[in-house]
Asks: 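One structure, as structure tokens, below. Some questions next.
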Amino acid sequence: MRLLGLTIYGFGKFENYEIEDVSTELQLIFGENEAGKSTLISFIEYVLFGFPSRQENYYEMNHLSRFGGSLFVEESGKAFSIERTRDRNAETLYIYFRDGTLGNSDDLKKLLKGMNRASFRQIFFCNLTTLNNDHHYDEEAWNQVLYEAGMSGGASLLEIEKNFDKRQGEIFKPGGRKPQLNQDVESYESLKRKTNEWEKKNENYNELIKKTKELEIKVQENAERLQFIQNEQRKLDREKHIIPLLNEKKRLEEEIENLPDFHPFPEEGLIRMDKWKEQAVLLSGELEGLKKRKERLEDEINHAQLLPDSNAFLQEVSYWNEEMILYRGRAEERRRLQTEISSLNTTLESELMEFGQTEEILKSIRPTFTGRESLKQLVASYQLSDQKYQYIQEAFLSARDELEKEENEYDRLKTRLLSPKDREVLEKDQSSSTNQKWSFGMIAVALLVFIMLGIYESWLLGFVGAAIVVGGAILMRLTSKSTEMKSEDELLIRDRELSRQAESVKDQVDRLNRTYLKAAEKVDLWEAERYQLDDKLKEWKTVHAFPEYIPTDSLLDAFDRIGSIKKVQKERNQKQQQLEDLDYSLTVVEDRIKKLCERVNVSYQEPDTAIQLLLQKAEEQRELMRDIDLAKNKLQELEEKFGGETEKWQSCKDEMNELMRLAGEDNEEAFRVKGKAHKEAQELKRQLATITSQLSDESFVEHTTVEEIDYHREQLEHDETSIMKKQQGLYQQIANENEQIRLLTEDGTYEELLLQRQQKEDEINSLAWKWSVLKVASDFLTRAKARYQEERLPEVIKKAESYFNLITEGRYTAIYPPVEGNKFRVLNVDGRAYKPSELSRGTAEQLYLCIRLSLASISTVQMPIFLDDIFVNFDEKRTDVAKSFIKRFSKDHQVVLLTCHTATTAGLDDRIHILDQSPASTKKGTI
């Protein structure tokens, strides 16, 4: 797993902080003290393995509702992000894969292959503290670290191993008291002693049991006798109660026989007759009242003044009332249109007045889009032509002015030149023979001086003398010449200069003449083009019927104004058409409402007043219709009620006749006499039935008088008292025997003890089996772990030897692992072995760094190695060698090096990230 970047939402001193494009080889992170290096490592650790409890959390930001962040990592060429956050209530973890799927904590555990926080710290994180801790590791501790580094899920297996030991200890410990198996064995021994004691006292126990059973049989016999006596007593009590009832039954039967004939008679005939008669009287009065109410309602309905087509009238009024809403809106719209048309007419008149035309003239003008575009091009051509004319005219005038100026200058120079005759005279004077002779004389004198002094003195002195003579002669000649020929030289020089200037001006005049002619040609061409442009404009005005008097520069404005006027005309015409449509629709509504008023005799004044009168009329009709409908409904209800009451009254009469028919009588008086006899017979039969129910089926008795029953009951009570006394004695004896049995069976019966002993044996066997299984599994795990360490440790040592040899530049050649209580030993190039405690601090830290890197390289989980300021105790040379080695190591394994020393960054600053030391970093980090 390689780290590609991270984003911190909030953690410690970091807020909205990002580090992007982390190097997959060596990444250097520089920051001064308190810049957040340790916080950065803790953030990575917490995202991978979870946040601590709130009490232990030192990185939570109180002003943020959520803190945490994301790691961007790569595994097997696939990039994804791990996000872990925590709020006030819970912690959340998501893994975002590139294919859009979402992972959870189970997926993260698979990626980490069982690695936990402690393993991460022991293998992939290294600082001075961890290096110093390595000094104190013994053989078992190093084996533990090697095991966790090299075995997938090593931390989980260690937990299983600890769990095995714990569960074995919970089941059984030699010499222990709390484990379950130890307690069960002790309990089994106690049960075994009790069963042995029971075997001795079992004979006495059986005798007591036998005696107790005999006493219980006697108690049962006495109980059965008592039950018989109690039954007899209850039988006598019942007979004592039955005798008066039998006498009463006989009396009631005699009274029933003495009554007159009361059969047949309907059940509750008198009550039913009274009820039907009462209802018939009430219904008769109700029918009379209903009949009067019906007559009043029929009279109201017949005299109601209702229009013949009232429903149609109501619908029309409702329709035209709704139409009045539109009518008012249309009327308002009509007023608005009139105002807008008036405003448009005013605008149109103002525009036409400013433009100086009438509507009739403008009708023929067609301001089309293509016409405007062609006009726009013509106007642009005119503007371009004007600009071109201005440029050409300026060039023409400028060429003419310059030509005239140069011609005047040429004429002036020509007047100042010498004539050819005067120039010839001056040239002859300058080349006279006198001057030539004088020059040869001076040269002869100088040669003479040179020869004489050279012969008599020295040639050098002669040369100097000759030079002085020549120089003096030249000076004299120049002085005399300047005075003699001054005027002649000046005249010749001036004439030559003027001649040269005249020739130059002549050339300039010729050039300007050519320029002038070209400018004149351009003016002619412009005039021809302008003539063609005027023809096109004239043709355009003819095609579009445009006035001729409008200036060209005002054509576009005039065209646009005509278009604007046309728009106003179009808008006015549209609104006038809308006004005509509104007038028609308003007239239709007014005519219809007027006709409706005439039909229902309502005076028509204007639509709003008329519709209000029609609504009032409609409401009167509607109220009248409601009253009529209500009266009809009431009348219908009364008719239905009258019919129902009539049926009820007839039903009452029929029920009364039916009752008399059932009683076999033809008048109500005879019916009531027979009913009274029937009622008395019913009461006597009810009393007889009550007594019969009390007697039930056991109405026979063995005794004839109550006195005889009392005597017999006294004898039974005497027998009952005697048996109960005997029973109490038997109960006392049974209690004594049971007490002796209880004393013998305080610790349970022999059978119970045997059962408990067998159960305890089963429990011991089950626990022993569990302990054996755990013991065998623990032994297998221990042997597998030892074998694994034996196989993988040489690989770790071999890599560590190679690293240590490189980082010490060949001074140490071998590393021996910790065995038999000894720590690591290293062999130097001279063949001498050293313990880590015998090495310098820097060399020992180099050793443990190499071992840590070797562990990380063989780990089944590939993660970045974090090195936090591990060069503090290295000298400059060792630091450079260590940096080179780590840079080489990072080619195969990603390394993140953290430091607060600028010297450490030398040579490693190609991929460096600098941490800000501000209290809360909120910037985006750069690499």
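The first residue of the sequence shown is numbered 1, and numbering continues consecutively from there.
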Asks: Going by heavy atoms in the side chains, are Glu91 and Arg84 under 4.5 Å from each other?
Replies: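 Yes, their side chains come closer than 4.5 Å.
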Asks: Which pair of heavy atoms, one from Arg121 and one from Ser42, lies closest together, and at what distance?
Replies: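 What the structure gives for the nearest pair is NH2-OG, 4.2 Å.
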Asks: To the nearest 0.5 Å, what is the distance between CG (Leu4) and CG (Leu6)?
Replies: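 Output value for this atom pair is 10.5 Å.
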Asks: To the nearest 0.5 Å, tell me how far Ile815 CD1 sits from Cys850 SG.
Replies: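 Taking CD1 in Ile815 and SG in Cys850, the distance rounds to 6.5 Å.
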Asks: Can you confirm whether Gln846 sits close enough to Phe874 that some side-chain heavy atom of one is under 4.5 Å from a side-chain heavy atom of the other?
Replies: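 The answer is yes; the side chains approach within 4.5 Å.
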Asks: Do Tyr816 and Val826 have side-chain heavy atoms sitting under 4.5 Å apart?
Replies: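 Contact flag for Tyr816/Val826 side chains = no.
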Asks: Which pair of non-hydrogen atoms, one from Ile914 and one from Tyr17, has the smallest distance, and what is that distance?
Replies: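 So the minimum-distance heavy-atom pair works out to O-OH, 4.0 Å.
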Asks: Quick check: are there more than 12 heavy atoms from other residues, nucleotides or ligands sitting under 6.0 Å from OH of Tyr94?
Replies: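 No, OH of Tyr94 has 12 or fewer neighbouring heavy atoms, counting only those of other groups under 6.0 Å.
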Asks: From Leu71 CG over to Ile44 CD1, what is the distance, rounded to the nearest 0.5 angstrom?
Replies: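 It is 6.0 Å, given to the nearest 0.5 Å.
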Asks: Would you mind reporting whether Val896 and Ile29 have side-chain heavy atoms less than 4.5 Å apart?
Replies: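 Touching, per the 4.5 Å side-chain cut-off.
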Asks: Once rounded to the nearest 0.5 Å, what's the spacing between atom OH of Tyr803 and atom NZ of Lys798?
Replies: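 Interatomic distance, Tyr803 OH to Lys798 NZ, rounded to 0.5 Å: 11.5 Å.
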Asks: Which residue in the set Ile886, Leu853, Ile865 passes side chain to side chain contact (heavy atoms under 4.5 Å, CB included) when paired with His893?
Replies: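 Exactly one candidate clears the test, Ile865.
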Asks: Among Leu898, Ile41, Leu40, Leu897, whose side chain to side chain contact (heavy atoms under 4.5 Å, CB included) with Asp868 holds?
Replies: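 Only one option passes, and that is Leu898.
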Asks: Does the structure place the NZ or CZ of Arg117 under 6.0 Å from the centre of the six-membered ring of Phe49, at an angle of no more than 45° from the ring's axis?
Replies: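 No cation-pi geometry.
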Asks: I'd like to check Val872 versus His901 (side-chain heavy atoms, cut-off strictly below 4.5 Å). Are they in contact?
Replies: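 Val872 reaches His901 side chain to side chain.
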Asks: Can you confirm whether Arg878 sits close enough to Ser840 that some side-chain heavy atom of one is under 4.5 Å from a side-chain heavy atom of the other?
Replies: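 Yes, side chains in contact.
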Asks: Taking the side chain from Arg852 and the backbone from Leu847, do they hold a donor-acceptor pair closer than 3.5 Å?
Replies: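 Such a contact is absent between Arg852 side chain and Leu847 backbone.
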Asks: To the nearest 0.5 Å, what is the distance between OG1 (Thr813) and CD (Glu801)?
Replies: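 Rounded to the nearest 0.5 Å, the OG1-CD separation comes to 7.5 Å.
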Asks: Do we see a donor-acceptor contact under 3.5 Å between the side chains of Thr101 and Tyr96?
Replies: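 No, Tyr96 and Thr101 have no side-chain donor paired with an acceptor closer than 3.5 Å.
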Asks: Could you tell me whether Lys78 and Asp99 have a side-chain N and a carboxylate O separated by less than 4.0 Å?
Replies: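 No.
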Asks: Please examine the side chains of Thr85 and Leu93, heavy atoms only from C-beta on, and report whether any two atoms are closer than 4.5 Å.
Replies: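 Of all side-chain heavy-atom pairs linking Thr85 with Leu93, none is under 4.5 Å.
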Asks: Any non-hydrogen side-chain atom of Glu25 less than 4.5 Å from a side-chain atom of Lys887?
Replies: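 Glu25 vs Lys887: side chains apart.
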Asks: Got a sec: does the CZ of Arg888 have more than 12 other heavy atoms crowding it under 6.0 Å?
Replies: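 Not more than 12 within 6.0 Å, no.
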Asks: Which atom names give the shortest non-hydrogen contact between Phe51 and Gly68, and what distance separates them?
Replies: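 Reported closest heavy-atom pair: CZ-CA, 3.8 Å.
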Asks: Work out which heavy atom in Glu838 is nearest to a heavy atom in Ala833; give both atom names and the distance.
Replies: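 Where Glu838 meets Ala833 most closely, the heavy atoms are OE1-O, 4.2 Å.
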Asks: Under 4.0 Å between a Lys/Arg side-chain N and an Asp/Glu carboxylate O for Glu809 and Lys877?
Replies: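 Answer for the salt bridge query: yes.
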